Amino acid sequence: DGDLVIVHSLDRLARDLFLLIEIVRKLNSKGVSIQFLKENITFNSVNKNPMDELVFHVFGAVAQFQRSILKEA
């Protein structure tokens, strides 16, 4: 409880949107905050920001899409 995980960008933590959401939710449920430097967003169990949530889902979906494109090549 009270720890902070700093990640360079969303796509460095997970390349699958559902896995990314699961990791963030599990860590938040244990009181761990997660800060994404590139996207400039922080998730914790106390402060919920709807705009950060939107950015999180959009960039997570883009990372998953990019990964799918690379797999096809």
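From a predicted model like this one, the values you see are computed outputs, not experimental measurements.
Here the CG atom belonging to Leu37 is positioned 10.5 Å from the CG atom belonging to Leu10, to the nearest 0.5 angstrom. Rounding to the nearest 0.5 Å places CG of Leu70 at 10.0 Å from CZ of Phe65. The distance from atom CG of Leu27 to atom CG of Asp3, rounded to the nearest 0.5 Å, is 9.5 Å. Rounding to the nearest 0.5 Å places CZ of Arg67 at 15.0 Å from CG of Leu17. Between Gln64 atom CD and Phe59 atom CZ the span is 15.5 Å, to the nearest 0.5 Å. Ile23 CD1 to Asp16 CG: the interatomic distance, rounded to the nearest 0.5 Å, is 9.0 Å.
Between His8 and Glu39 the shortest heavy-atom distance is O-OE1, 4.2 Å. Nearest heavy-atom pair, Asp1 versus Gly31, reported as atom, atom and distance to 0.1 Å: OD1-CA, 3.2 Å. Gln35 and Thr42 get closest at one heavy-atom pair: CG-OG1, 3.4 Å.
The cluster map of Ile, Leu, Val, Met, Phe, Trp and Tyr, joined by side-chain heavy atoms under 4.5 Å apart, puts Leu13 and Leu19 in the same cluster.
Judged as a salt bridge (Lys or Arg N to Asp or Glu O under 4.0 Å), and not counting sequence neighbours, the contacts of Glu22 are Lys26. Evaluation of the side-chain contact (heavy atoms from CB on, under 4.5 Å) rule for Phe43 yields Val24, Asn28, Phe36, Ile41, Asp52, Glu53, Phe56 as partners, not counting sequence neighbours.
By the 4.5 Å heavy-atom criterion applied to side chains, Val5 and Val32 are counted as neighbours.
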